[in-house]
Amino acid sequence: MKSTTLRRSNITREKVAMMEALNRYNNLHQDEDFYKTQNKTHELDVLWQSFGVRPQRNEKAPQVYFVTGFVFGVIITLAITTVLSLLINLSTPKDDIAVPVKKQAAVTDTNGKFSFIPADSTSSKSAPIAVKREEYTVKAGDTLESIVIRFYGSFDMSKVNAIQEANKMSNPNALSIGQKLVIPMN
């Protein structure tokens, strides 16, 4: 190197000489390092084979895991909704099912205690069944649905139909303020 180049780069002659010597050493010993690394890798391969380590299989793509997770999620969601719908259907009372009720007459003992004895079948047939009816005056903002909820506790279309029949109404939405409605109470 020229001395002007050395001055510009701030490298001394000793540093340049050391770099040239290092470069010569690397060129001479480069072949030895190559053979040393080749031998070591061969030795490591033999060691791994003696331990029985097999090469790793190719792992599945992330799409496989996504699809299987999605399928299992759908199946579990369907199972949960089916179980919940069955539980809801079993727990709600059915208004359509008529349960026969035995009528009983109360008879007092001489001690003042009550004992219940079933009523005669002849007396229950001859007596008419009394249906309770209440009268309600329609106020501002009332609808037939809100009246059903007020008297029966919950909305039921059969109750709306019963009120319509009792009052001979053709349109359930045609209520007027001050109108008297007969509410059948069963």
Side-chain angles (χ1 to χ4, degrees), residues 1-101 138-165 169-175 183-186:
M1 284 191 170
K2 294 184 179 178
S3 60
T4 57
T5 308
L6 289 176
R7 277 190 225 122
R8 285 185 199 148
S9 64
N10 271 341
I11 298 178
T12 61
R13 289 186 191 266
E14 292 84 23
K15 287 182 181 177
V16 170
M18 186 173 68
M19 289 188 331
E20 289 174 353
L22 185 60
N23 192 14
R24 276 185 300 227
Y25 177 79
N26 285 339
N27 288 338
L28 289 175
H29 297 292
Q30 184 177 9
D31 294 336
E32 293 174 9
D33 290 339
F34 177 74
Y35 291 116
K36 285 181 184 177
T37 57
Q38 288 293 329
N39 289 339
K40 286 183 181 177
T41 56
H42 179 68
E43 290 172 2
L44 288 175
D45 289 341
V46 171
L47 282 174
W48 281 114
Q49 288 174 358
S50 66
F51 280 115
V53 175
R54 305 287 179 241
Q56 293 181 351
R57 298 178 192 165
N58 292 339
E59 293 195 23
K60 296 177 185 174
Q63 292 87 0
V64 173
Y65 294 115
F66 177 76
V67 169
T68 54
F70 182 75
V71 168
F72 282 123
V74 167
I75 291 171
I76 290 172
T77 304
L78 288 175
I80 289 172
T81 53
T82 305
V83 168
L84 286 177
S85 66
L86 288 175
L87 289 175
I88 289 171
N89 286 339
L90 292 176
S91 66
T92 55
K94 303 292 183 208
D95 290 339
D96 302 339
I97 301 172
V99 178
V101 177
V138 178
K139 298 175 186 166
D142 279 343
T143 61
L144 205 52
E145 289 82 14
S146 66
I147 294 169
V148 167
I149 291 171
R150 174 181 282 171
F151 281 95
Y152 299 111
S154 65
F155 179 76
D156 187 9
M157 196 62 194
S158 64
K159 306 290 184 186
V160 172
N161 293 335
I163 293 173
Q164 278 183 318
E165 289 174 15
M169 297 171 59
S170 60
N171 185 1
N173 296 325
L175 293 177
I183 311 293
M185 302 298 290
N186 300 10

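Everything quoted here is computed from the prediction, not taken from an experiment.
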key: Any residue meeting side chain to side chain donor-acceptor pair (under 3.5 Å) with Asp142, in chain and number order, not counting sequence neighbours   = Tyr136
task = To the nearest 0.5 angstrom, please state how far the CD atom of Gln164 sits from the CG atom of Leu144.
result = 6.0 Å
request  = Name all residues meeting the side-chain contact (heavy atoms from CB on, under 4.5 Å) criterion together with Asn171; count only those two or more places apart in sequence or in a different chain, and write none if there are none.
outcome  = Asn173, Ala174
Please table the atom pairs, donor to acceptor, closer than 3.5 Å between any side-chain atom in residues 64-71 and protein atoms at least two apart or in another chain.
residue, atom, partner, partner atom, Å
Thr68, OG1, Val64, O, 3.0
Thr68, OG1, Tyr65, O, 3.0

key: Euclidean distance, Leu22 CG relative to Met18 CE, rounded to 0.5 Å   = 7.5 Å
ask   = Under the side-chain contact (heavy atoms from CB on, under 4.5 Å) test, which residues partner Glu165, sequence neighbours left out?
value = none
message = So which atom in Tyr152 and which in Ile163 form the shortest heavy-atom distance, rounded to 0.1 Å?
response = CE1-CD1, 4.1 Å
ask   = Are the side chains of Ile149 and Ser154 in touch, meaning some heavy atoms are under 4.5 Å apart?
value = no
ask   = What distance separates Lys159 NZ from Glu145 CD, expressed to the nearest 0.5 Å?
value = 15.0 Å
Test side chain to side chain donor-acceptor pair (under 3.5 Å) applied to Glu14 - qualifying residues, sequence neighbours left out = Thr12
Under 3.5 Å, side-chain donor or acceptor atoms of residues 75-86 against the rest of the protein: list the pairs with distances, not counting sequence neighbours.
residue, atom, partner, partner atom, Å
Thr77, OG1, Gly73, O, 2.7
Thr81, OG1, Thr77, O, 3.1
Thr81, OG1, Leu78, O, 2.9
Thr82, OG1, Leu78, O, 2.7
Ser85, OG, Thr81, O, 3.2
Ser85, OG, Thr82, O, 2.9

